[in-house]
Amino acid sequence: MSQFWKPGTERPQGRVVDDEEGGVLFLSGSHHSSSSSRYGYASIDKQRQRLPVFKYRTAILYLVETRATTIIVGETGSGKTTQIPQYLKEAGWAAGGRLIACTQPRRLAVQAVASRVAEEMGVKLGEEVGYTIRFEDVTKPDVTVLKFLTDGVLLREMMDDPLLTKYRNCELDVKVPGRAFEHELEKLRHVIMLDEAHERSISTDILLGLLKKIQRRRPELRLIISSATIEAKSMSDFFRMRKKRREPENEEHGLQVEPVILSVEGRGFNVQINYSEEPVQDYVQAAVSTVLLIHEREPAGDVLVFLTGQDDIDASVQLLNDEVQTTGKHSSGLIVLPLYSGLSRAEQELVFSQAPRGKRKVIISTNIAETSLTLEGIVYVVDSGFSKQRFYNPISDIENLVVAPISRASARQRAGRAGRVRPGKCYRLYTEEYFLNHMSNEGIPEIQRSSMVSCVIQLKALGIDNILGFDWPASPSTEAMIRALEILYSLRVLDDDAKLTSPTGFQVAEIPLDPMVSKMIIASSQLGCSEEIITIAAVLSVQSIWISGRGIQKESDEAKLRFAAAEGDHVTFLNVYKGFHQSGKSSQWCHKNYVNYHAMRKVLEVREQLKRIAKRIGLVLKSCESDMQVVRKAVTAGFFANACHLEEYSHNGMYKTLRGSQEVYIHPSSVLFRVNPKWVIYNSLVSTDRQYMRNVITIDPSCLLEAAPHFYQLQQSNHLLR
DNA sequence: GAGCACTGC
């Protein structure tokens, strides 16, 4: 297949930010493409001063002093993440026991940034500079002043302290002042920095809404929002808009509420964009021929290809390897590596190793390389223009993974991956016309593509009662909201007035899991099987505890049968956990039984956290030993809405959901596959050509009525008792 | 007899 390319006109790293309405705007100077190693060894201070953000130190501090909200647009390598928190500390924003908080969407980034900053400041991590992520609090009371954390953790912290008035490293009694003395106010002058806000995770969006709300009560709270170029304007609009009435500006303290955008250049290199001249029919095939073209015509440098999922990636790795084999010398020198989250740790690490001299590394990856992982040495990027995205249908209450076109923002992000070490090239497997006229500017925020049950619970726990009226950066659909309220009501987590019930609702909000799982845990406390149910909840919260992969299917299926329980997958998990525990948590035992050791370690961690929380909220930790009847009852108490009945005359194992009469099937990975018991409850649905139930347990229909009479009242006569 | 983009508490 021949490939025609048309050089594009887009500059992936353009940095002019529009600011019409009177906001201060700093434009960057000339674009430097320097690397720090050019100067050889330099002291940390010198290195810090060489970062692009250093030029803006005074400007940033001035803006944070005078503006409620500052939006920083910082390209890759600008140094904003590591430097700005230090500038704030140096300027006295952490004096008097106050904490400067800086959030990241991902745990790994939190750890990396915190340790880098601690190193630059010459302090031990966990002292002045600390971090908090799930399972790990590396901060020290009275000592830590710079705290890095995931946005999820900050959200959890706000449940105990909704106005963040206690955001300090030691106890201090401060009242929220209506009109307070200067020195009282001083204690409340906090800065919170939300980094990578453009990624628009659910937690970031909730935080943005909450912090905007808090600012009205606490004008002395300062926000720094870091964002990519394209999204900066909408972020600024969000903070500019006063929701109902126009609120008076806080002129008294010389503070302006209008947000301002400050743009800092990065250290990326220019990336030449090439578009396909014709629309591409088959992007796997097109990606393969483009890689071969690059290898044939372009100078040395590694290639990164963005495809959508495991299937596409494995197929193209195969095609490229075949090509290398058949054409021999011409195409040799290629090392082709797949990259997706489902790979084992060892396989993932291969992509970070350097290619031997004279060899070219080709990494074929999912979206994981767009945000989560940074690969060094990439000079060429091939962008299919697609990724797998999650969509939620509130009518059927089902989440689907769909291959969908990416946004222009994503396309720029992908292209930028080619310019980290030297000028690079990006090959887009779509036309320039398509890019300009058919791609959306920004992706759909996660909050508009997800179920809202967890989100509603969190907001309720934060004291936000009018959720439909909440000031979102992007509003979730009314249908999704109503569906969430309905589910939470049926779980008896919300009452008739949509308030959290006591104690169930408040307990569910404390548990960091899906409300149906939390409800199951609470029920298990009353039924006397919380030890078992907490283990099951922990296993359900990791991706999979089985080792899967090509060539070992038969063996791993057989291994699974050794643990299989007649009741279904949940009880099977208990058998695996028991065996793992009895082996002394041995990795050899896992290996022998085709159980994923890393997943089991995570199960242990989650289990410990859940036990701690259970104790705190007053649940009884107790084992039911071998009475699996109560285990099934507890599962039913949380998941009654997922009950299904086998169609009597079905020969292919078709079930129908009680709630919506949806056609569903037991997933082949379940121990109940082909067993087809009459009544089952599933944990989740995956939809491909059919709807498959994953993690299934048999139930007794009378338990359904017992667990949720309110829910099954109507169906009672015509379904359950037939 | 099928297949799971990626985070997070």
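Both backbone and side-chain heavy atoms feed into the values below; hydrogens, waters and symmetry mates do not. In what follows, chains carry the letters A, B, and so on, assigned in the order in which the sequence lines appear, proteins first and then strands, with residues in each chain numbered from 1.
One finds the OG1 atom of T366(A) at 9.5 Å from the NZ atom of K388(A) (value rounded to the nearest 0.5 Å).
Protein atom CD of Q543(A) is 12 Å distant from nucleotide atom C1' of dG8(B), rounded to whole Å. Atom C1' of nucleotide dC9(B) and atom CD of E608(A) are separated by 17 Å, given to the nearest angstrom. In this entry the distance linking CD of Q413(A) with C1' of dA5(B) reads 15 Å, nearest Å. The distance from atom CD1 of I313(A) to atom C1' of dA5(B) is 9 Å, rounded to the nearest whole Å. The CG-P distance, from L685(A) to dC4(B), rounds to 13 Å in whole Å. To the nearest angstrom, P of dC6(B) lies 18 Å from CZ of F386(A). Protein atom CG of D557(A) is 13 Å distant from nucleotide atom P of dA2(B), rounded to whole Å. To the nearest angstrom, C1' of dA5(B) lies 13 Å from CZ of R106(A).
Taking 4.0 Å as the cut-off between side-chain N and carboxylate O, E446(A) and R390(A) count as a salt-bridged pair.
Residues from residues 500-508 of chain A with heavy atoms under 4.0 angstrom of DNA chain B: there are none.
For V153(A), counting side-chain heavy atoms from C-beta on, the closest listed nucleotide (dC9(B), dG3(B), dC6(B)) is dC9(B). When the nucleotides dC4(B), dC6(B), dC9(B) are ranked by their closest atom to the side chain of P512(A), dC9(B) comes out on top. Among the nucleotides dA2(B), dC6(B), dC4(B), the one closest to any side-chain atom of I368(A) is dC6(B). Residue R390(A) places its side chain closer to dC6(B) than to any other of dC6(B), dC9(B), dA2(B). For R694(A), counting side-chain heavy atoms from C-beta on, the closest listed nucleotide (dG1(B), dC4(B), dG3(B)) is dC4(B). Looking at the side chain of H667(A), the nearest of the listed nucleotides dA2(B), dC9(B), dA5(B) is dA2(B). Here dC4(B) is the nucleotide among dC9(B), dC4(B), dG1(B) with the atom lying nearest to any side-chain atom of V686(A).
T150(A) has a side-chain polar atom (N or O) that falls below the 4.0 Å cut-off from OP1 or OP2 of dC9(B). Between S341(A) and dC4(B) there is no side-chain polar atom (N or O) within less than 4.0 angstrom of OP1 or OP2.
Map T308(A) and S669(A) each onto its nearest nucleotide of DNA chain B; the residue landing nearer the 5' end is S669(A). DNA chain B is contacted by both P668(A) and F135(A); P668(A) maps to the nucleotide lying nearer its 5′ end (nearest heavy atom per residue).
Checked against ring pair (Phe, Tyr, Trp, His ring centres under 6.0 Å), Y427(A) has the following partners two or more places apart in sequence or in another chain: W5(A). Under the ring pair (Phe, Tyr, Trp, His ring centres under 6.0 Å) criterion, Y594(A) pairs with no residue at all, not counting sequence neighbours. Considering only residues two or more places apart in sequence or on other chains, Y597(A) meets the ring pair (Phe, Tyr, Trp, His ring centres under 6.0 Å) condition with none of them. Every residue two or more places apart in sequence or in another chain was checked for a ring pair (Phe, Tyr, Trp, His ring centres under 6.0 Å) with W546(A), and none qualifies.
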Show me, pair by pair, the donor-acceptor contacts under 3.5 angstrom made by side chains of residues 502-514 of chain A, not counting sequence neighbours?
unit_1: Q507(A); atom_1: NE2; unit_2: I617(A); atom_2: O; d: 3.2
unit_1: E510(A); atom_1: OE1; unit_2: R616(A); atom_2: NH2; d: 2.5
unit_1: D514(A); atom_1: OD1; unit_2: M516(A); atom_2: N; d: 2.9

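Between W472(A) and F470(A), the ring planes are perpendicular. Angles over 60° get that label, and only those under 30° would be called parallel.
Using a 4.0 Å heavy-atom distance criterion, T366(A) is classed as a sugar-phosphate-only contact. Contact annotation for I133(A): backbone-only contact, meaning every heavy-atom pair under 4.0 Å involves sugar-phosphate atoms and none involves a base.
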